Amino acid sequence: MSEGKRSSQIFTGARVLGYVSTHVPFVARFIKRRGETLLCTSVGKWFHTYGCDKFRLLSVSGEHPGPITCMCGDSFHVYTATENDIYAWRRGCELKHVYKGHQAPIHKLLPFGIHIISIDEDNVLKIFDIKEETEFLDLRFDKESFKISSICHPPTYLNKILLGSEQGQLQIWNIRTAKLVFTFKGWDSAVIVTEPAPAIDVVAIALENGKIILHNLRYDQVVMEFVHDWGMVSCLSFRMDGVPIMVTGSTKGHLVMWDLEEKRVKSQIQSAHFSRIAGLQCLTSEPLMVTNSEDNSLKMWIFDMPDGGARLLKKREGHALPPNLVRYCEPTGENILAAGRDRSLHIMNTITETFNKSMGKASYNRKASKKKKRTQVDHLILPPITKLSSCMQRDKQWDSIASLHDGKFIATTWSYNRICMGKHKLKPPEMEKGTLATCLTVTHCGNFVLIGYSNGQVHKFNMQSGIYRGHYGNEKKVAHKGAVRGVETDLCNQRVITVGADDRLKFWHFKAATTPYHVLRLEESVNSSKCHRDSGLMALANEDFSITLVDIDTMKVIRKFEGHVGKINDIDFDCQSRWLVTSSMDCTICTWDIPSAQLVDIFCVEQPCTSLSMSPTGDFLATTHVGELGVFLWANRHLYDKIFLKPIDRNAVNIPQLKLPTSAAEKPDIEDIGKIDFGEEPEYKSPDQISEELLTLSGQPTSRWLNLLHLDIVKRRNKPKTALTVPKSAPFFLPTIPSLELEFDLEKEKKGLSNNKLLIPESLSTLTPFAKKLNACEKVDDYNECLEKLKTLSPSSIEAEVTSMAPDAGGCFEVMKQFLQMLDVLFKSNRDFELAQSYLSLFLKTHTKTISQEDELLKSLEAVEESATQAWSKLQNHLLYNICVVKALKDM
């Protein structure tokens, strides 16, 4: 095999959408200069920084060597731990310090003044100096007797930290002297969370058995005790705006507000998150609370409910489970529909994640799902979406999206305009038990949706009313003998194309038809289909891992592509229907050139691509992958780079393996900077003149020739309003006037200044270098050299050269005659047309009087006039002819 390429020829990683949070608790930092609290959430190997004011993404950190295991922050840095190292970041994206020394993964971090405290899985506590990056203290604990599970710093306890253990004991350590101050016996249950209370000496301790203890450290006494019945406590915080409320989050996603004065539950929020609440923090001096969870969400709550509870104020969320379907839904290519295994449908914006929205989950009865109590489990939720089709032509009037669900024959509609599920459930009047919906398509006008089923039937529904509008097939309503694998319509709603498991491709009239008007027998069984309505091409993904391309106008197979070695998951056309992009379970993404029927690009990814969609504008390719929560965008290099695509033999090249796009911008390798691969084909260079019969412009900037006639105006405009005053310089020997008082004689200096002009005799005047070169010209090539010299001069220099050609300025008539001869040669060659016109205008404006008094110059000028008139008349005739043709076409 030959040496493989390091990257794809067409696509390069751009970024990923939909990542918000992981199981790592977020970090809240108040930035005094901004007057805003910033929230930092982990998204794997990176962390995002959001602003609380508008909840928008501010920055993305650099990539870590591995997934982030824990985070913390202070007023200056954000600290992240991955594997055995700690990283300190400034401004959310600038790496400032790296702390090394641990021999095991780190799972706890705590900033402590000028130091940072870390605890690893080997039960080793280390303290590092933040600025010096040196190790200040190393404490080792026995796992059998004291396995550290939590850490906090009680306020007003100087140089002391409180450690909780899985054995239930707690210890206070003085980190300055490295001595154990006190040991609390505990309550015979593992300590999960320790959080200092606003009251001095009081710490809240959450235990594994569900108890929450508010303990006074100074007197070693229990202040109050609560029992949490909604799952084990995973995080805990106190309101910091003067209200005596404690908030706890559970592993089941519930939030509970406790009234510390009345010692009872104040309020609760059931299913605040769909998974374990990882982080919870109340903001200082504000009735706000922020939570994040493993369900890939970050939410802000405000305490303004009548019962003292909180309601959702802002949220940023993505898919809780990996998405399995992605489709562009607008002609602008800015929004993507993504459906996931978490049964939800999301809208993701490719410009800014601020416009990302969740359309919710499909339900058998949306109103009943809304009215259910918070403590009840919603059993009306439909299974995950498997197929999706949309048309935005009538989005403002009625539903524009139709979807199928896993293991169901019912189809649901969605409203993109209202960002919610529609009111229609599409199902045929009679359906056998066990029948499933397998494919669907929404027509180009947005009025109808066609659905194919596993029993071979194809039914039509109205999108506006949800009314059943007929079927395709015989009296038994059967269109195919086997399951329907694909159903498509053309651009004008005149034809319906269906393909089934019986290896038949059938063409029907759109209006109710009992028999197809054409049947095409296929050689392979079809798995799925994709139609590009604008070009009339239909791609069929076959079960033998090949792709068949059918022209629906001629009803013939026109192309067949072979190359995949695994099940084809998805196929899509580019906006011009020139490329066909396919993904397979062999972890490859292939691009096929339709005109040449060749494979032109292939690359491999870490996880198989489950779904892909090409942007309507051709700028991005969106993909989803096995086990990944995000939607990945790949930029089309063909839009901004010069690419020569060549046929690729999959078996003869090493397939490049690309990393999935990240949240941060992709940086090129040092070796690749400055190197562009243009392939073996030579770069095309346009000739200076395509034909001598065509008028050719010079390509010079307009500033070089457009202002030659108005340089006097430009100089007058740029002239300073007040003249420059030169300070008088005193002579070295100051003469004096004979008098009683000491006075200097400055009259001689004034006379000297008035006569400082040097008069050069006419006999000593010489021509400029350009004039000498012009005067020596005899052949056409010599004039071309002079013209090239003029092109390099600035407008003011050209004016000076033309002005100096006059006899009274140091020139001569011979030089002026040679200049006119150069312009004549330029007009006859049809090159640099605009420069010749500009130079001639400047020459006539400057030397009109001199030319009128010299016969030889008049004869040369007549020859130039004849050449210029001939060139202009040719151009004028073509312009007038084109204007007449355009006007005639407009009046037709």
Side-chain angles (χ1 to χ4, degrees), residues 23-25 69-72 81 84 101-110 112 116-127 137-155 157 159-197 201-238 246 248-252 276-280:
H23 66 282
V24 179
T69 56
C70 57
M71 297 175 61
C72 68
N84 303 342
H102 282 280
Q103 304 299 321
I106 302 166
H107 67 96
K108 294 292 179 182
L109 286 177
L110 178 68
F112 197 80
I116 181 169
I117 305 173
S118 59
I119 303 170
D120 61 21
E121 294 182 356
D122 286 345
N123 220 26
V124 178
L125 184 148
K126 289 182 179 290
I127 302 177
L137 182 63
D138 186 337
L139 292 176
R140 298 179 182 271
F141 296 84
D142 184 17
K143 291 184 179 181
E144 300 297 331
S145 60
F146 195 85
K147 172 66 175 174
I148 301 176
S149 60
S150 66
I151 180 174
C152 71
H153 165 61
Y157 281 60
N159 299 327
K160 296 177 181 63
I161 57 174
L162 176 65
L163 302 177
S165 68
E166 294 182 358
Q167 288 76 16
Q169 295 180 350
L170 294 97
Q171 296 180 356
I172 294 181
W173 283 79
N174 188 319
I175 62 172
R176 184 175 182 181
T177 60
K179 292 183 179 181
L180 177 62
V181 178
F182 190 79
T183 301
F184 299 92
K185 294 181 180 181
W187 296 267
D188 298 328
S189 181
V191 177
I192 304 299
V193 181
T194 54
E195 179 71 19
D201 300 329
V202 178
V203 173
I205 304 168
L207 305 178
E208 191 178 17
N209 58 10
K211 291 185 177 181
I212 304 172
I213 309 296
L214 268 68
H215 196 73
N216 190 300
L217 300 180
R218 179 180 293 273
Y219 299 104
D220 191 14
Q221 293 180 354
V222 175
V223 179
M224 60 184 72
E225 180 178 333
F226 301 99
V227 178
H228 196 279
D229 295 330
W230 300 273
M232 189 171 62
V233 178
S234 59
C235 49
L236 187 149
S237 182
F238 292 89
M246 178 180 67
T248 58
S250 71
T251 55
K252 295 183 179 180
R276 172 182 178 271
I277 298 179
L280 184 154

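Treat the numbers as computed from the prediction; the structure is a model and nothing was measured. Heads up: numbering here begins at 1 and tracks the sequence. Quick note: numbers below take in every heavy atom, side chains included, and nothing from hydrogens, waters or symmetry partners.
- Within the 4.5 Å cutoff, the side chain of Val222 has no heavy atoms near those of the Leu214 side chain.
- Listed here is the closest heavy atom pair of Val124 and Asp120: N-OD1, 2.9 Å.
- Interatomic distance, CZ of Arg218 versus CG of Asp201, reported as 4.5 Å (0.5 Å rounding).
- Closest of all the heavy-atom pairs between Ser118 and Leu109 is CB-CD2, 3.5 Å.
- A distance-only check finds a donor-acceptor pair linking the side chain of Asn123 to the backbone of Ile148 [under 3.5 Å].
- Minimum interatomic distance between Ser165 and Ser149 (heavy atoms only, all atoms of both residues): C-OG, 3.4 Å.
- The main-chain N or O of Lys143 is found under 3.5 Å from a side-chain atom of Gln167 such that the two form a donor-acceptor pair.
- A side-chain donor-acceptor contact under 3.5 Å links Thr69 to the backbone of Ile106.
- In this structure a side-chain-to-backbone donor-acceptor pair under 3.5 Å is missing from Ser234 to Arg276.
- Within a 6.0 Å sphere centred on CG of Asp188, heavy atoms belonging to other residues, nucleotides or ligands number 12 at most.
- A side-chain donor-acceptor contact under 3.5 Å links Lys147 to the backbone of Glu121.
- Atom-to-atom distance recorded for Cys235:SG and Ile277:CD1 is 5.5 Å, nearest 0.5 angstrom.
- By the 4.5 Å heavy-atom criterion applied to side chains, Leu125 and Ile161 are counted as neighbours.
- Nearest heavy atom pair, residue Glu166 against residue Ala190, reads O-CB, 3.2 Å.
- The OG1 atom of Thr194 sits 13.5 Å away from atom CD1 of Ile213, with the distance rounded to the nearest 0.5 Å.
- For the 3.5 Å distance criterion, the side chains of Ser250 and His228 fail to qualify, holding no donor opposite an acceptor.
- To the nearest 0.5 Å, atom CG of residue Leu236 and atom CD1 of residue Ile212 are 6.0 Å apart.
- Within the model, atoms OG1 of Thr248 and CE of Met232 stand 12.5 Å from one another, a figure rounded to the nearest 0.5 Å.
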Set out, in order, the CA-CA distance, both residues' side-chain angles and the distance that settles side chain to side chain contact (heavy atoms under 4.5 Å, CB included) for Trp187 and Ile205, then state yes or no. CA-CA 10 Å; Trp187 296 267; Ile205 304 168; 3.8 Å; yes
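- Between Ile192 and Ser150, the shortest heavy-atom distance links the atoms O-CB, 3.9 Å.
- For the atom pair Gln103 CD and Lys126 NZ, the distance stands at 7.0 Å (nearest 0.5 Å).
- When each of Tyr157, Phe146, Phe182, Phe141 is paired with Trp173, the ring pair (Phe, Tyr, Trp, His ring centres under 6.0 Å) condition holds for Phe141 and for no other.
- Side-chain contact between Ile175 and Phe112 is present, with at least one heavy-atom pair separated by less than 4.5 Å.
- Closest of all the heavy-atom pairs between Pro154 and Leu217 is CG-CD1, 3.8 Å.
- No side-chain heavy atom of Lys252 sits under 4.5 Å from any side-chain heavy atom of Trp230.
- His215 contributes a side-chain N or O that, together with a main-chain N or O of Gln221, makes up a donor-acceptor pair within less than 3.5 Å.
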